[in-house]
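Remember, predicted model here, so these are calculated numbers, not experimental data. Numbers restart at 1 for each chain; the letters A, B, ... are given by sequence-line order, proteins then strands.
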Amino acid sequence: DAKTTQPPSMDCAEGRAANLPCNHSTISGNEYVYWYRQIHSQGPQYIIHGLKNNETNEMASLIITEDRKSSTLILPHATLRDTAVYYCIVRVGGSGGYQKVTFGIGTKLQVIP
Amino acid sequence: DTAVSQTPKYLVTQMGNDKSIKCEQNLGHDTMYWYKQDSKKFLKIMFSYNNKELIINETVPNRFSPKSPDKAHLNLHINSLELGDSAVYFCASSRLGLAGEQYFGPGTRLTVT
C-alpha cells in the first residue's frame, strides 16, 4: 500500500469548514483513498473513500487531485464532536477482502468553540 | 442496535493469567479483525478471519489465539498475560471484498498488573 503523509495536528473553529490534507504521491492506479477517524476512547469510524472522482456523503466530502497524489477531506461545518484523530489510508480497493488496513499516525483535529 | 460489540469493556488482570475478549457483529459481515492500540496510539492489525478461516496473522505471539465459532463472532484468548499486553483491543468487521470499509467495536481496555 502507498504511504501517506498528514500533518500531525490542526485546529478549526466551530462552524467553519475543516480541510484535512493528505499526500500520497506514490499511489498506484488501483489504490483507493480511505478516511477514518477516531474520537477519543472510541473505535475508529469509517468516513469515506474514493478512487479519482470527488465523493460526498452525509459525513464529509473527499476531494482528490487530478494526478491523485493528494487529497483533502472536508468537514463542511465542524462541530465540537468532530474533534478526533483523522486517518488517511491508501490501499487497493474492491475485491480483496483479505487485505489489511494499515493505520498511520493521522491528524489530530481540534475543533475550537 | 450495536453493530459491533465487545465484552468486556475494561479488563484488569495480573501477569500470568489467561483471559478472553469476545466480539460479535450483527451486520452480516463475512470478515472480522482484531487490532491492538498501544499507549502511543498506534493501531495495528493482529488477525483477520474470513468466514471462520484465519486469513491474516501479523506476527502475533502464540499466546494470542483467536477463535471464530461462526462468522458473527471472533473471540480473542490470551494466555500467560504479560505487562506489554496492556493496550486497547478493537474488533472490527467488513463485508467480503470490502476490507477498506471496516466497522469497529468500542474497544476493550486491557490492563495487566
**Message:** Do B:Met32 and B:Trp34 land in one hydrophobic cluster if side-chain heavy atoms of ILVMFWY residues count as linked below 4.5 Å?
**Reply:** yes
**Message:** Can you confirm whether A:Ile105 is buried at CD1, in the sense that more than 12 heavy atoms of other residues, nucleotides or ligands lie under 6.0 Å from that atom?
**Reply:** no
**Prompt:** Looking at A:Tyr34 and B:Gly100, what are the two nearest heavy atoms and their distance?
**Reply:** CD2-O, 3.3 Å
**Prompt:** Going from CD on B:Glu101 to CD1 on A:Ile48, what distance comes out if it is rounded to the nearest 0.5 angstrom?
**Reply:** 10.5 Å
**Asked** When clusters are formed by joining ILVMFWY residues with side-chain heavy atoms under 4.5 Å apart, either directly or through shared neighbours, do B:Leu11 and B:Tyr35 land in the same one?
**Response** no
**Asked** Applying the 4.5 Å side-chain criterion to the ILVMFWY set and letting contacts propagate, would B:Tyr89 and B:Met15 be lumped into a single cluster?
**Response** yes
**Message:** Please say yes or no: joined through hydrophobic side-chain contacts below 4.5 Å, possibly via intermediate residues, are A:Ile74 and A:Val33 part of one cluster?
**Reply:** no
**Prompt:** Which class fits the ring pair B:Phe104 and A:Tyr36: parallel under 30°, tilted 30 to 60°, perpendicular over 60°?
**Reply:** perpendicular
**Item:** Heavy-atom proximity to chain A below 4.5 Å, by part of B:Leu43
**Value:** both
**Message:** Need one label for B:Gln37: side chain, backbone, both or neither, based on atoms under 4.5 Å from any heavy atom in chain A.
**Reply:** side chain
**Request:** Please look at B:Tyr49 and chain A and tell me whether the side chain, the backbone, both or neither of the residue comes under 4.5 angstrom of a heavy atom of that chain.
**Result:** neither
**Same apolar cluster: A:Leu73 and A:Leu109, side chain cutoff 4.5 Å** = yes
**Message:** For a quick test of reading the model, state the closest non-hydrogen atom pair linking A:Tyr87 to B:Lys41 and the distance between them.
**Reply:** OH-O, 4.0 Å
